[in-house]
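Note on naming: letters A, B, ... go to the chains in the order of the sequence lines (proteins, then strands), and numbering restarts at 1 for each one. Just so it is clear, the structure is predicted and the values come from calculations on it, not from any experiment.
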There are 2 protein chains.
Amino acid sequence: MTSMQLFAVAGLPSIQPGDDVASLIVARLAAAGEALHPGDILVIAQKIISKAEGRLVRLADVQPSALALELSATVGKDPRVIQVVLDDSNEVLRVRRGLLVVEQRSGWVCANAGVDRSNVQADDAGEHLALLPADADASADALRARLAALTGVTPAVIINDSHGRAWRIGTVGTAIGCAGLPPIWNQRGLHDLFGYELVSSEECIADELAAAASLLMGQSDEARPVVVIRGYVPPSLPPAPARAIQRPASHDAFR
Amino acid sequence: MTSMQLFAVAGLPSIQPGDDVASLIVARLAAAGEALHPGDILVIAQKIISKAEGRLVRLADVQPSALALELSATVGKDPRVIQVVLDDSNEVLRVRRGLLVVEQRSGWVCANAGVDRSNVQADDAGEHLALLPADADASADALRARLAALTGVTPAVIINDSHGRAWRIGTVGTAIGCAGLPPIWNQRGLHDLFGYELVSSEECIADELAAAASLLMGQSDEARPVVVIRGYVPPSLPPAPARAIQRPASHDAFR
């Protein structure tokens, strides 16, 4: 029977800059009587990677530019937050009341460049914002190597974030970093049950895995930022970074 | 431990117009020594619902209009296929080489109005295209009621389809019909670990469930069009149709 299982790694502490996330995951798995199995896929919430990597900006240190002040009036958000978004963006795509969609520096089209203040601890140094990892594919690679070194098992790793979409209400878990997995299953040339060449021939399995894991993560008090997916057999294709999912702007009809 | 399981229902026959899909699913579950459990979520590929409901158009019967011929030259597709897409659409959003994005009659923004010839049997009557169900929410409701009548267990039902997205390469499983489940988890007002009100406050769990199931479905010879999701606990919100996921055009910055 074709099947798969997902479980959240329970009891991770609040992540701080410099933390060895791989070690913490391995320790929590062991505490639950679990361990990584060959073929496991680890999905990790962007937020804890960003915090571990110190991708934090202290809001009090931000000086908004004239552009940030102008956008702030339209969007209805703190101009300092807008400045942080602009600093981590290549291009602004849409500005509306309550909406600022950009191409983030790594190439992801998303609201607010993925900048978020939820789940980032306010300490004596004042309120902080978390940016996306500088290179989430590299983060996934590093985490994968560290998990392999610690356990002898080399899982695939996906870093996910909750992204809004065109046309549809609500966010879905989406892959922004990927290691050890082909993010896209290119089925061009495959034929369906009756021999027709498949029309929808590219399936983004990394995004589907990211979405599946997101169901167990929660976004509130009970946040569970690490999920293990077991039993899913990826197609036999070479691994690639999540960056391969980005549609070039020149090919995108909805920029 | 927070966890969930997914398994595909094996051995379903090729679906024909008029088939009782619920009965076939129940029979195949029984043959595998399985049964529906309370809380199960059944995800069913749109294609078999469309076939069971006879949402088929014989290509040879289609007379393309002047508009279909004109679009055909741009898109590079059979003008009769374009005509079938237009007949099931409210509005054409984008026309490019290889791309025709519309608002389908039920309100879904998608390529080719979800019209597809893959996995639809070519018989003596000639090649057919499958349209989306006329009302996939109603289809999900009916299937749910029929499953309840047959088994005494009332699962949630999602009808999914593979949709392309703006900005990202590859399709992902997406909900177009929903019964017995809140498709959107509105978390507005909830607070995160440190008391901030959550920014990304609406999560489309129906789409995440649809994507998760899609991983087991495959798109080729081994198609597995029915997947059971077990162990996922939806938020305590009133059920709603998948139509609730549609962002009104007036609120959409990417039309």
Check your understanding: Minimum heavy-atom separation for B:I25 to B:V9, with atom names?
Key -> O-CG1, 4.3 Å
Study note, to complete from the structure: side chain to side chain donor-acceptor pair (under 3.5 Å) filter on B:R105, not counting sequence neighbours, yields none
Review point. Chain A heavy atoms under 4.5 Å from B:I229: which part of the residue, side chain, backbone, both or neither?
Key: neither
**Study point:** Largest heavy-atom contact set with chain A, pairs under 4.5 Å, which of B:P234, B:A213, B:A175
**Key:** B:A175
Study note, to complete from the structure: Of A:A244, A:G107, A:C204, A:A212, the largest count of non-hydrogen pairs under 4.5 angstrom with chain B goes to A:C204
Review point. Under 4.5 Å between any side-chain heavy atoms of B:P17 and B:L56, yes or no?
Key: yes
Check your understanding: Which atom pair, heavy atoms only, marks the closest approach of A:I48 to A:V226?
Key -> CD1-CG2, 3.9 Å
Review point. Considering only heavy atoms, which portion of B:I205 lies under 4.5 Å from any heavy atom of chain A: side chain, backbone, both, or neither?
Key: both
Exercise for review: Have a look at B:S214 and tell me which of B:L209, B:V43, B:T171, B:N160 forms a side chain to side chain contact (heavy atoms under 4.5 Å, CB included) with it.
Suggested key: B:N160
**Study point:** Counterpart residues, salt bridge (charged side-chain N to carboxylate O under 4.0 Å, His left out), relative to B:D19 (two or more places apart)
**Key:** none
Exercise for review: Identify which part of B:L99 has an atom lying under 4.5 Å from any heavy atom of chain A, answering side chain, backbone, both or neither.
Suggested key: side chain
**Study point:** Side-chain touch B:T174/B:D161, heavy atoms, less than 4.5 angstrom
**Key:** no
Point to revise | Choice from B:P248, B:A166, B:P183 maximising heavy atom contacts with chain A below 4.5 Å | key: B:A166
Practice item. Below 4.5 Å from any heavy atom of chain A, which atoms of B:A206 appear? Answer side chain, backbone, both or neither. Key: neither
Exercise for review: Name the region of B:V227, side chain, backbone, both or neither, that has any atom closer than 4.5 Å to a heavy atom of chain A.
Suggested key: neither
Review point. Which one, B:Q246, B:R165, B:R230, B:H251, leads in non-hydrogen pairs under 4.5 Å with chain A?
Key: B:R165
Practice item. May I ask you to test the B:L132-B:S106 pair for a side-chain heavy-atom distance under 4.5 Å? Key: no
Check your understanding: Of the listed residues (A:V109, A:D252, A:L6, A:L215), which shares the most heavy-atom pairs with chain B below a 4.5 Å separation?
Key -> A:L215
Revision key, fill the gap. Whatever's closer than 4.5 Å to a heavy atom in chain A on B:R168 counts as both
Review point. Contact part of A:V233 toward chain B, heavy-atom cut-off under 4.5 Å: side chain, backbone, both or neither?
Key: neither
Exercise for review: Could you tell me whether the side chain of A:V115 reaches within less than 4.5 Å of the side chain of A:V57, counting heavy atoms only?
Suggested key: no
Check your understanding: Who wins among A:V101, A:L93, A:V228 for the most heavy-atom pairs under 4.5 Å with chain B?
Key -> A:V101
